[in-house]
Amino acid sequence: MSSLEKHSYDVIVIGAGGAGLRAAIEAREQGLRVAILCKSLFGKAHTVMAEGGIAASMGNVNSKDSWQVHFCDSLRGGKFLNNPRMVELHAKEAPDRVWELETYGALFDRTKDGKISQRNFGGHEYPRLAHVGDRTGLELIRTFQQKIVSLQQDDLAEYGDAEARLKVFAELTVTELVKDGDVIAGAFGYYRETGAFVLFEAPAVILATGGIGKSFKVTSNSWEYTGDGHALALRAGANLINMEFVQFHPTGMVWPPSVKGILVTESVRGDGGILTNSEGKRFMFDYVPDVFVDQYAKTEAEGDRWYEDQENNKRPPELLPRDEVARAINSEVKAGRGSPHGGVFLDVSSRLSPEVIRKKLPAMYHQFKELADVDITATHFEVGPTCHYVMGGVEVDADTEGTAVPGLFACGEVSGGMHGANRLGGNSLSDLLVFGRRAGTGAAEYVAGLGDKRPSASEADLEAAGKAALEPFHADAQTRPAGSATPENPYTVHTELQQVMSDLVGIIRREGEISEALEKLKGLRVRAENAAVEGHRQFNPGWHLALDLRSMLDVSECIAKAALERQESRGGHTREDFPIMDPNWRSVNLICSLTPGTNDMVLTRKPVPTIPVELLSLFKRSELEKYLTPAELTVLDGPNSSSTVAGEQA
Amino acid sequence: MSYQADFKVWRGDTDGGDLADYTVEVNEGEVLLDVIHRLQATQAPDLAVRWNCKAGKCGSCSAEVNGKPSLLCMTRMNTFVPEETVTVTPLRTFPVVRDLVTDVSFNYKKALQIPAFAPPKDLAPGEYRMAQVDVERSQEFRKCIECFLCQTVCHVVRDHDDNKTAFAGPRFLIRAAELDMHPLDARTDRAEFARDEQGIGMCNITKCCTEVCPEHIKITDNAIIPMKERVVDRKYDPLVWLGSKIGLRKS
């Protein structure tokens, strides 16, 4: 590939959402030359869809809040499967990361005394989410975008070139990471606009590609969420953990089709919205699980009082963690008490005045009025679970976000561990701030440690990467495997993949169905290899999709394999045949990896990193008994006990 | 209720192109982007179109629908009668890349020219205090999803390509206003920058930008007109003029 366009940087960041941009800013501020590669235009990343806010225990609204309470809420929400070190760092550093945004120009909503306002959200004990109406994600992206512009202006002044040390390559897809022996050497991809290949040589690559929702039929995720980073990491030799944990947000729009899957922010419930079934019953009171019985209201009257007086009342069960609400809705629909289009009703119109709704939930009001002709101030609307977030992702070191592959880092949704079995709302924006920054630092330290040694890509690997990317143009009769039928339409294969994952590995899972899904995925993989595209390489969506299909299939197989293996129900993984949360599974992480040189996905077990006793002591013993085994609890018994809870150090 | 509808979609690239005729199924409750996706999946797999969120929040799927700059994801099909032929063309103000995709790099160049937010020197992170009523003015402009519909509709550049150098366009005039109205921005020359570098004087307030804004930002009334007034105030206020002459203020 002698004519291949080549660029050389210190750090490549793949993905321009919140995590990627925060990582890039950090690496650049540490003095490195950074390129950001993203599939869309700059500023369009899926982060813009985040509505509710950024969880950070600043204590602006309730001074009782602290990092310790945030730590406990996050671990409880994640069903104690989280990487405790990540949860600790996240809870401790989130406030600084939010305040830092104000120095970049962010304008959050304010409290009466002029501080950053904080709102209530599911699973958070105190009002904790810094927000801008219900468009917090957009504020975050714009703030970072403008911070990047400001760094580029500095470089323009200093070097006469705005892009001297930080450049965004928009509308560019990375198809393969390249290595030099065992270490990362860069990334290979193509410009979507021209279809031309390009190589980025760099000793450090930060994956910040977001999630995997496009493998499911109903999703709140944008087209970019095809699991590219997960798949790139796997193929480069890194591990994926916790892939069975997929979060279905309980309240996606169900009707009309123009907004199917689109999120109705949890703030609608946080601000007073209620869920009812076709009989008009507020059914969530019937679905408070034992582990949460002490934290939630038992009567509608108490739940309603909580909105006005949170000191003396418990919160209504509409604000249970997302997995609980999603399962409850699923059960109501199954029991025949659903809405006409297979959801339940969410109603804020009978609870708040139209003026207050428009003030508190402006983007929601506006979005549904214009996209769907639905007026949320005047009527209830139909909602149901929508694939929203993957808790699982690339296994990383908590402090540096480094992976098993030297030089490869991951942060944001594409990384795993932080959220355990279930993520709390608001914790994803804080996650990408805290760990985006840490990935930037981790990469900078790694590059500094290399000295003058720079890895380089082999010509053979580049040839192979180029050839693989062009296969969809050559899926004609001569090259197709013997016995395979006509060339496949990538759009059809994609639709069928989504159907398989939604039907067989969706919210409620069963052994037989997951096994069936794994069989079907094998067939889809063969068909995806036959996906053929028309036209040429210039901005060709059919080609783009044919390539993205590979990533979606890799990710789907990981999800299905891990879902089959975990014989319990926990957070974003519900097995009808194993409905109980089993403390013996609590300490087990399932790891997906590829056998080198093959497409064989192997699943192994690894202990969840232990929770240090001083952090464990933040909980009441009675609560820990619901999650941990008796043996794990002995650590709390005496002053001479060891400092860790049962399980290997990992 | 489903029906077959007729569409004309511009197909082509930098070498030119033409409207192509398609007949596509339309279902109840759909938006135009749903139909474009169906067209891609069934008849024209290589039809180039940008989109991301499909929820009116990212501003990617901008195009011109029957000649009006619109977001495809926010164009409800029930706003047309079934017999109507809907024409979809790329944004006219920017060069075509392919089909409905245009080269919008003009906007990123303009964004790079605006001096960034200048943080107050005397406040550490966490010490910022602002009243809600004061941040709301700038927050209105920060709702902008950068769909660039205001940029494409603005006749200062829509029909006069040569104005692109001197004129930043409505999107970046609201950015200037947003910074000017930011309670803690340390710079004081935002209005002058809008006058000298962004060409705010070329705007003759026909409000076309406000009309197409999917976020309903009152671009002209709340940003451009106040900024124009501030430019005029400063420039012609006799006290300011005197102050600048005797060295009390920087103009």
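Note that the structure is a prediction, hence the values are computed from the model and not measured. Only this structure's heavy atoms are used, side chains among them; waters, hydrogens and symmetry mates stay out.
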Below 4.5 Å from any heavy atom of chain A, which atoms of [X] appear? Answer side chain, backbone, both or neither.
X	result
R142(B)	both
V101(B)	side chain
N78(B)	side chain
L71(B)	neither
E136(B)	side chain
P214(B)	backbone
I114(B)	backbone
V133(B)	neither

Tell me, side chain or backbone of [X] under 4.5 Å from chain B's heavy atoms, or both, or neither?
X	value
D109(A)	both
E102(A)	both
K369(A)	backbone
Y225(A)	neither
L107(A)	both

Using non-hydrogen atoms and a limit below 4.5 Å, what part of residues 39-46 of chain B faces chain A?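 Interface residues of residues 39-46 of chain B: Q40(B), A41(B), P45(B), D46(B).
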
Could you please state which residues from residues 50-58 of chain B sit under 4.5 angstrom from chain A, measuring non-hydrogen atom to non-hydrogen atom, sorted by number, or 'none'?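 So far as heavy atoms go, R50(B), W51(B), N52(B), C53(B), K54(B), A55(B), G56(B), K57(B), C58(B) are the residues that approach chain A to under 4.5 Å.
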
Side-chain ion pair, [X] and [Y], N-O less than 4.0 Å:
X	Y	value
R76(B)	D373(A)	yes
E171(A)	R98(B)	no
K44(A)	E146(B)	no

K167(A) to Y108(B) six-membered ring, cation-pi geometry met (6.0 Å, 45°):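 Judged by the rule (NZ or CZ under 6.0 Å from the ring centre, within 45° of its axis), K167(A) is not positioned above Y108(B).
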
Quick check against the 3.5 Å criterion: does S258(A) have a side-chain atom that pairs as donor or acceptor with the backbone of G29(B)?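 Yes.
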
For the interface with chain B, which of H46(A), E100(A), Q145(A) has the highest count of heavy-atom pairs at distances below 4.5 Å?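 Winner by heavy-atom pair count: Q145(A).
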
